[in-house]
K.L.:
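Below you'll find the structure I mean.
In this text the structure is predicted, and so the values were computed from the model without any measurement. Every number for a ligand or one of its atoms is a count from 1 in the order of the listing.
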Amino acid sequence: MWKGVIEEYRKFLPVSDKTPAVTLKEGNTPLIFACHISSLIGDDIEVYLKYEGLNPSGSFKDRGMTMAISKALEEGSKVVMCASTGNTSASAAAYSAKAGLKCVVLIPEGNIALGKLSQALIHGSKVIAIKGNFDDALELVKEITKKYPITLVNSLNPYRIEGQKTGSFEICDVLGDAPEFHAIPVGNAGNITAYWKGYKEYKAAGISRKLPRMLGFQAEGAAPIVLGHPVKEPKTIATAIKIGNPASWKQAEGARDESNGLIDMVSDDEILAAYKILASKEGVFVEPASATSVAGILKLAKKGFFKNVKGRIVCVLTGHGLKDPERAIASISKPVSLEPKTDAILEEIGL
Ligand code: AN7
């Protein structure tokens, strides 16, 4: 049986025999060949989807959280805290519950998807909604965790990055090498930092031979790295990445530049179009922020970026579609309402 990312990749992680591995068996998520999207991108391009929504709490955050919570427990911490656009709080809440730690989460009021809020609450965290955005919440968490004996579990915690880099290991293990391109949404920029670290470490260990070009994508209304300055009031329907001043900004630029990659932005319309293609053509339901990676490569393809290029692109799909059911329902026409009669149903389906 799959043992979770700490046990599976122990020799690449800062853990010892004394580290109590708190795991919900995260990782081992499917890498799905995307037939339709590949055909939209280019003749010699294969697109794969790393479906991180199938982690225990429904997002990639679990890879980092198993490490952050295990190390917090090892170091004797009793309380952990994070700011979150939703998924970090859901994951922190679940792993804290498993570890028996108290968990406090700060969320931007009215700006996190319903599924994520329900998770943080049901796992027993102290959920505090602040009248501000994610960036304000993160500043508060940094201040409080500096002064009090509370462990910060946002991706500023280096163990989060360590755990999340296992995503690259899995991709290389399945493909036999790194892909030519790695497309990923960028919010607080921890994940692009983690994936790039993972690819470099696997190559240094001689397990993979190549390094991918990192293609990061932000939402147009929340694209500080693309614009080159913080965004005071970020705006996007992709609430998970509604972040105006990413904590790992410099590291994301490092991943971009070292890999000869890029960080670009996509509009909410492009995100929603990719969201619908994923669901209706590939059978993969993700939350809007996750569709940013696919929206990004579709945008690049339109500009001819993949013309005469051969290779594989892995798109990380960071969170499950059920996190934000309201967005799905708002994006598609409502179900038809009929009397419970066979005739009416047959007529409706054209028989
Ligand atoms: C689905 O939960 O920042 O660039 O507080 O939930 O590593 O921040 C979430 C981020 C992409 C961006 N996709 O990753 C939080 C939070 C989804 C996410 C990102 C997030 P990072």
Side-chain angles (χ1 to χ4, degrees), residues 29 50-55 57-65 68 81-94 105-108 111-113 115-117 119-120 125 127 130 133-138 141 152-157 160-161 163-165 167 182-198 214 216-219 222-225 234 236-249 251-253 255-256 263 266 271 274-275 278 285-296 315-324 327:
T29 55
K50 182 68 172 157
Y51 194 15
E52 288 288 280
L54 293 190
N55 276 298
S57 83
S59 86
F60 71 98
K61 305 283 182 181
D62 295 343
R63 294 179 185 278
M65 208 53 76
M81 189 173 190
C82 65
S84 183
T85 57
N87 281 323
T88 300
S89 65
S91 185
V105 307
L106 251 59
I107 55 170
N111 268 297
I112 85 166
K116 304 173 189 181
L117 180 60
Q119 290 178 285
S125 286
V127 180
I130 62 150
N133 61 30
F134 168 83
D135 303 289
D136 303 325
L138 185 57
V141 169
L152 175 149
V153 294
N154 281 103
S155 56
L156 285 162
N157 178 328
R160 281 276 315 278
I161 304 294
Q164 283 171 215
K165 75 186 181 190
H182 179 96
I184 185 165
V186 176
N188 213 22
N191 215 24
I192 188 171
T193 304
Y195 268 95
W196 180 237
K197 189 169 197 283
M214 301 296 285
F217 299 100
Q218 302 196 290
I225 301 176
T236 170
I237 53 107
T239 52
I241 53 170
K242 195 169 162 188
I243 295 174
N245 192 12
S248 301
W249 187 320
Q251 293 87 330
E253 288 181 338
R256 176 193 67 192
I263 297 180
V266 285
I271 292 172
Y275 172 71
L278 279 162
F285 188 26
V286 301
E287 63 171 288
S290 306
T292 306
S293 52
V294 171
C315 293
V316 182
L317 303 179
T318 44
H320 202 286
L322 290 172
K323 294 268 187 180
D324 194 356
R327 174 57 57 189

K.L.:
Is there a polar contact between ligand 1 and Q164, counting only N or O atoms under 3.5 Å apart?
P.N.:
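Such a contact does not occur with ligand 1.
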K.L.:
For the 3.5 Å polar cut-off, considering only N or O atoms, please tell me whether G319 and ligand 1 meet it.
P.N.:
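No; the residue has no nitrogen or oxygen that sits under 3.5 Å from a nitrogen or oxygen of the ligand.
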K.L.:
Using a 4.5 Å cut-off on heavy atoms from C-beta on, say whether the side chain of I243 contacts that of L138.
P.N.:
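L138 vs I243: side chains apart.
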K.L.:
Please name the pair of heavy atoms, one in C82 and one in V153, separated by the smallest distance, quoted to 0.1 Å.
P.N.:
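Closest pair (atom of C82, atom of V153, distance): CB-CG2, 3.9 Å.
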K.L.:
Looking only at distances, please establish whether an N/O atom of ligand 1 is found under 3.5 Å from an N/O atom of S290.
P.N.:
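It does not: no N or O of S290 is found under 3.5 Å from an N or O of ligand 1.
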K.L.:
With a 4.0 Å cut-off on heavy atoms, does E52 reach ligand 1?
P.N.:
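No, E52 has no heavy atoms under 4.0 Å from ligand 1.
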K.L.:
Looking at S57 and Q119, what are the two nearest heavy atoms and their distance?
P.N.:
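Smallest heavy-atom distance, with atoms named: O-NE2, 2.9 Å.
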K.L.:
Please name the residue in the list T318, N191, T88 that meets the side chain to side chain donor-acceptor pair (under 3.5 Å) test with K61.
P.N.:
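With K61 as partner, T318, N191, T88 yield a single side chain to side chain donor-acceptor pair (under 3.5 Å), made by T88.
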K.L.:
Is a side-chain donor or acceptor of S125 paired with a backbone partner of V127 at a separation under 3.5 angstrom?
P.N.:
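Side chain of S125 to backbone of V127, a donor-acceptor pair under 3.5 Å: no, none is there.
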K.L.:
Could you check atom 2 (O) of ligand 1 against the protein and tell me its nearest heavy-atom contact, residue, atom and distance included?
P.N.:
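Protein heavy atom at minimum distance: T88 N, 2.8 Å.
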K.L.:
Counting non-hydrogen protein atoms only, what is the nearest one to atom 3 (O) of ligand 1? Give residue, atom name and distance.
P.N.:
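Result: K61 NZ, 3.5 Å.
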K.L.:
What are the two closest non-hydrogen atoms of I271 and A219, and how far apart are they?
P.N.:
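Closest pair (atom of I271, atom of A219, distance): CD1-CB, 4.0 Å.
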K.L.:
List in chain and number order the residues that pass side chain to side chain donor-acceptor pair (under 3.5 Å) with K242, two or more places apart in sequence or in another chain; answer none if no residue qualifies.
P.N.:
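Side chain to side chain donor-acceptor pair (under 3.5 Å) list for K242, sorted by chain: N111.
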K.L.:
To the nearest 0.1 Å, how far is atom 5 (O) of ligand 1 from its closest protein heavy atom, and which atom is that?
P.N.:
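Nearest neighbour among protein heavy atoms for atom 5 (O) of ligand 1, to 0.1 Å: T85 N, 2.8 Å.
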K.L.:
Is the closest N or O pair between K116 and ligand 1 shorter than 3.5 Å?
P.N.:
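K116 vs ligand 1: no N/O contact under 3.5 Å.
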K.L.:
Return yes when S155 approaches ligand 1 closer than 4.0 angstrom through a heavy atom, no otherwise.
P.N.:
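Distance cut 4.0 Å: S155 fails for ligand 1.
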K.L.:
With nothing but distance in play, are any N or O atoms of F134 less than 3.5 Å from an N or O of ligand 1?
P.N.:
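No.
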K.L.:
Of the protein's non-hydrogen atoms, which lies at the shortest distance from atom 7 (O) of ligand 1, and what is that distance?
P.N.:
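Nearest neighbour among protein heavy atoms for atom 7 (O) of ligand 1, to 0.1 Å: N191 N, 2.8 Å.
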K.L.:
What atoms of ligand 1 come within less than 4.0 Å of a heavy atom belonging to I241?
P.N.:
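Under 4.0 Å from I241, ligand 1 has these atoms: 11 (C), 12 (C), 19 (C).
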K.L.:
Taking F217's backbone N and O only, do any of them form a donor-acceptor pair with T292's side chain (distance below 3.5 Å, no angle check)?
P.N.:
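Checking the backbone N and O of F217 against the side chain of T292, no donor-acceptor pair under 3.5 Å is found.
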K.L.:
Looking at N188, which atoms of ligand 1 are within less than 4.0 Å of one of its heavy atoms?
P.N.:
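It comes down to these atoms of ligand 1: 4 (O), 8 (O), 21 (P).
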K.L.:
Which atom names give the shortest non-hydrogen contact between L54 and T29, and what distance separates them?
P.N.:
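That would be C-CG2, 4.3 Å.
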K.L.:
Can you check whether F285's main-chain N or O pairs, donor with acceptor, with Y51's side chain at less than 3.5 Å?
P.N.:
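Pair found, side chain donor or acceptor close to backbone of F285.
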K.L.:
Tell me if a side-chain donor or acceptor on T193 pairs with a main-chain N or O of A189 at a distance below 3.5 Å.
P.N.:
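Present.
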K.L.:
Regarding ligand 1, does S89 bring an N or O atom to under 3.5 Å of one of the ligand's N or O atoms?
P.N.:
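Between S89 and ligand 1 (N or O atoms, distance only) the closest approach is not under 3.5 Å.
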K.L.:
Could you tell me whether the side chain of D324 and the main chain of E287 form a donor-acceptor pair under 3.5 Å?
P.N.:
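Absent.
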K.L.:
Under 4.0 angstrom from ligand 1, any heavy atom of S59?
P.N.:
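In this structure, S59 fails to qualify as a contact of ligand 1 - no heavy atom is under 4.0 Å.
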K.L.:
Taking distance alone, with no angle check, do S84 and ligand 1 share an N/O pair under 3.5 Å?
P.N.:
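Min N/O separation from ligand 1 is below 3.5 Å for S84.
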K.L.:
By number and element, which atoms of ligand 1 are closer than 4.0 Å to a non-hydrogen atom of V186?
P.N.:
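Checking each atom against V186, I get 4 (O).
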K.L.:
Is N245 reaching over with its side chain to a backbone N or O of D135, donor-acceptor style, under 3.5 angstrom?
P.N.:
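Pair absent, no side-chain N/O of N245 close to backbone of D135.
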K.L.:
How far is atom 20 (C) of ligand 1 from its nearest protein heavy atom, and which residue and atom name does that atom have?
P.N.:
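Going by distance alone, atom 20 (C) of ligand 1 is nearest to F60 CE2, 3.8 Å.
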K.L.:
What part of N87, side chain, backbone, both or neither, has a heavy atom within less than 4.0 angstrom of ligand 1?
P.N.:
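Both the backbone and the side chain of N87 come within reach of ligand 1.
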K.L.:
Ligand 1 versus K323, non-hydrogen atoms closer than 4.0 Å: side chain, backbone, both, neither?
P.N.:
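No part of K323 comes within reach of ligand 1.
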K.L.:
Taking 4.0 angstrom as the limit and counting only heavy atoms of T318, give me the atoms of ligand 1 inside it, by number and element.
P.N.:
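Once the distances to T318 are compared, the set is 1 (C), 11 (C), 13 (N), 17 (C).
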K.L.:
Do T85 side-chain atoms and I241 backbone N/O form a donor-acceptor pair below 3.5 Å?
P.N.:
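No; judged by distance alone, with no hydrogens or angles, the pair does not exist.
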K.L.:
Can you list the atoms of ligand 1 that are under 4.0 Å from a heavy atom of E287?
P.N.:
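Within the 4.0 Å cut-off of E287, ligand 1 contributes 1 (C).
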K.L.:
Should the proximity of I243 to ligand 1, defined as any heavy atom under 4.0 Å, be assigned to the side chain, the backbone, both, or neither?
P.N.:
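Only the side chain of I243 comes within reach of ligand 1.
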K.L.:
I need the nearest protein heavy-atom contact for atom 18 (C) of ligand 1: residue, atom name and distance, please.
P.N.:
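Closest protein heavy atom to atom 18 (C) of ligand 1: A240 CB, 3.5 Å.
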K.L.:
Among residues at least two apart in sequence or on other chains, which ones pass salt bridge (Lys or Arg N to Asp or Glu O under 4.0 Å) with K50?
P.N.:
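Partners of K50 under the salt bridge (Lys or Arg N to Asp or Glu O under 4.0 Å) test: E170.
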K.L.:
Show which atoms of ligand 1 fall inside a sub-4.0 Å distance from at least one heavy-atom site of G190.
P.N.:
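Selected atoms, number and element: 4 (O), 7 (O), 21 (P).
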